[in-house]
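Structure, as structure tokens:
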Amino acid sequence: MATYRLAQVPAQGERITYSNGTLTVPAQPIIPFIEGDGTGPDIWRAAVRVLDAAVEKAYGGERKIHWMKIFAGEEAFEKHGEWLPEETVEAMREFRVSIKGPLTTPVGAGIRSLNVTLRQVLDLYACIRPVRYFEGVGSPMKEPQKLNVVIFRENTEDVYAGIEWKAGSPEANELREHIQTKYGKQFRENSAIGIKPMSAFGSKRLVAMAIKYAMERNLPSVTLVHKGNIMKFTEGAFRDWGYEIAKEQFGDSVVLESDLGKAGGTARADGVVVKDRIADAMFQQLLLRPDEYSVIATPNLNGDYISDAAAAQVGGLGMAPGANVGDGYANFEATHGTAPKYANLNKINPGSVILSGVMMFEYMGWKEPASMIVAALERAITAKRVTYDLARQMPGSTEVSTSEFADAVIAQLER
């Protein structure tokens, strides 16, 4: 194991390993965690109790997680003078599976997004966001239960690649002059400039992961969401590359929606249906016909918008988990922000981190505690003892604190 200056490796536990495309998880793995900024410590303290209780209940002591605290964000900067210490990245590499709370990123200036940085340096190319409804949660929709999708968002390319220059900077002016002189493309003086790189490699591996996910779980379709009608050589290429990898790698296991259409209205799909939708139309589809979609694969920016919008349909980000996954590495995270005004008030919903832990267990092959937590959450919500974000949408409910909500979930685990 590596030597750590800031973090402390647990005295017990073993590393998760990865070889030839297979993750090997010991009975007592070491898993690094980042508490997060703002409300992060509150929700982590609650969530970790639920995760540990579920593992104990499922395996009776035969399996156990040994947690390793690592540092990023405000705590790392205040204590160690670095927003993202290199050893934090090294720990996530060495132990392969990690989990974190929300991290701060100032808008407009200052440090670059720590979340984006972690995704890129670890090549966590797929942001996976399952969005589903929990019975009883308030929703603006008449039938929120019809939405049950898993969004695969490409994580490393698109405008999130970080290739941009400030308006009026020498770099922006030089690039503008080159584009106008060399390529004859005109745009306004003193414009800020960003570059949107998208590759066949990045697009195909993302779509391939989404199709594999659908096949393994017997889900009916994968929808490529893009703005290719306008950005023909970036988002349009994403669509084309997605169809290419579907045919090249999965052959008879998938069927194209266009081929079904040619076969007539009575044609039945024999495999995962691969289809595509324009991004703006997809927002309407998720509102009007949500039950026609199961897995969505999309470039970075589209995925950011769609995943949050979909979460709003089922009650908000408080119950929205997320994972950033690469080949042999995975980081699971709360998808909401830091909510600093609620920091240390024991008020925020820990559901996002708890459900991210469920995704982590599923990734590790620990299906028993994963399913137990989901069932316990459902029962806790049905009992209407919930945190403020859910209580204000649920008539007749009782508002409880972060820690009390965790207590309620743990009590339901015992049933």
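Because only heavy atoms are used, hydrogens play no part in the values below, and waters and symmetry mates are left out as well, while side chains stay in. Bear in mind that the values here come from a model prediction, so they are computed numbers and not experimental data.
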Query raised in the report: Taking the inter-plane angle between the rings of Y59 and W366 on a 0 to 90° scale, is it parallel (under 30°), tilted (30 to 60°) or perpendicular (over 60°)?
Result: perpendicular

Report task. Specify whether Y342 and Y388 have parallel, tilted or perpendicular ring planes, treating 30° as the upper limit for parallel and 60° as the lower limit for perpendicular. Result -> tilted

Does the ring of [Y] carry [X] above it, NZ/CZ under 6.0 angstrom from centre and within 45° of its axis?
{"X": "R217", "Y": "Y213", "result": "yes"}
{"X": "R132", "Y": "F134", "result": "yes"}
{"X": "R96", "Y": "Y18", "result": "no"}
{"X": "R153", "Y": "Y160", "result": "yes"}
{"X": "K227", "Y": "F238", "result": "no"}

Is the number of heavy atoms from other residues, nucleotides or ligands under 6.0 Å of [X] [atom1] greater than 12?
{"X": "F233", "atom1": "CZ", "answer": "no"}
{"X": "Q12", "atom1": "CD", "answer": "no"}
{"X": "Y305", "atom1": "OH", "answer": "no"}
{"X": "Q8", "atom1": "CD", "answer": "no"}

Shortest non-hydrogen separation from [X] to [Y] and the atoms involved:
{"X": "I30", "Y": "P10", "value": "CG2-CD, 3.9 Å"}
{"X": "A320", "Y": "A311", "value": "CB-CB, 4.1 Å"}
{"X": "V137", "Y": "V314", "value": "CG1-O, 3.6 Å"}
{"X": "A72", "Y": "L84", "value": "CB-CD1, 3.9 Å"}
{"X": "A214", "Y": "V222", "value": "CB-CG2, 3.8 Å"}
{"X": "V400", "Y": "F405", "value": "CG2-N, 3.9 Å"}

Mark yes or no for whether [X], through its side chain, and [Y], through its backbone, hold a donor-acceptor pair below 3.5 Å.
{"X": "Y243", "Y": "D276", "result": "yes"}
{"X": "E135", "Y": "E378", "result": "no"}
{"X": "S307", "Y": "G303", "result": "yes"}
{"X": "S356", "Y": "P321", "result": "no"}
{"X": "D158", "Y": "P299", "result": "no"}

If you define the side chain from C-beta out and look only at heavy atoms, does anything of [X] sit under 4.5 Å from [Y]?
{"X": "T298", "Y": "E235", "result": "no"}
{"X": "M394", "Y": "V386", "result": "yes"}
{"X": "D407", "Y": "R49", "result": "yes"}
{"X": "P197", "Y": "I163", "result": "yes"}
{"X": "Y363", "Y": "L23", "result": "yes"}
{"X": "V225", "Y": "I306", "result": "yes"}
{"X": "E244", "Y": "K204", "result": "yes"}
{"X": "L147", "Y": "Y133", "result": "no"}

Ion pair present between [X] and [Y], side-chain N to carboxylate O less than 4.0 angstrom?
{"X": "R5", "Y": "E82", "value": "yes"}
{"X": "R93", "Y": "E86", "value": "yes"}
{"X": "E94", "Y": "R15", "value": "yes"}
{"X": "R392", "Y": "E399", "value": "no"}

Report task. Go through the steps for E154 and Y125 under the test side-chain hydrogen bond (donor to acceptor under 3.5 Å, both in side chains), then give the verdict. Result -> CA-CA 6 Å; E154 204 290 319; Y125 59 85; over 6 Å; no

Query raised in the report: Side-chain donor-acceptor pair under 3.5 Å between D37 and T338, yes or no?
Result: no

Query - Under 3.5 Å side-chain donor-acceptor pair for T402 and D42 - result: no

Query raised in the report: Going through the checks in order, is the salt bridge (Lys or Arg N to Asp or Glu O under 4.0 Å) test met by K196 and E157?
Result: CA-CA 7 Å; K196 179 186 176 76; E157 300 187 323; over 6 Å; no

**Report entry** Centroid-centroid distance, F201 to W241, less than 6.0 Å
**Finding:** no

**Report entry** salt bridge (Lys or Arg N to Asp or Glu O under 4.0 Å) between E257 and R277, worked out
**Finding:** CA-CA 11 Å; E257 183 183 48; R277 298 289 183 269; 3.0 Å; yes

Requested in this report: Take D123 and R205 through the salt bridge (Lys or Arg N to Asp or Glu O under 4.0 Å) test and state the conclusion after the steps.
Outcome: CA-CA 12 Å; D123 199 25; R205 66 178 181 173; 2.7 Å; yes

Query raised in the report: Do T156 and Q120 pass the side-chain hydrogen bond (donor to acceptor under 3.5 Å, both in side chains) test, and can you show the C-alpha distance, the side-chain angles, and the key distance before you say yes or no?
Result: CA-CA 6 Å; T156 63; Q120 292 184 343; over 6 Å; no

Report task. For the pair K64 and D52, evaluate salt bridge (Lys or Arg N to Asp or Glu O under 4.0 Å) and give the outcome as yes or no after the intermediate values. Result -> CA-CA 8 Å; K64 179 182 179 180; D52 284 341; over 6 Å; no

Query raised in the report: Does T387 have any side-chain hydrogen bond (donor to acceptor under 3.5 Å, both in side chains) partners at least two apart in sequence or in another chain, and if so, which?
Result: D389

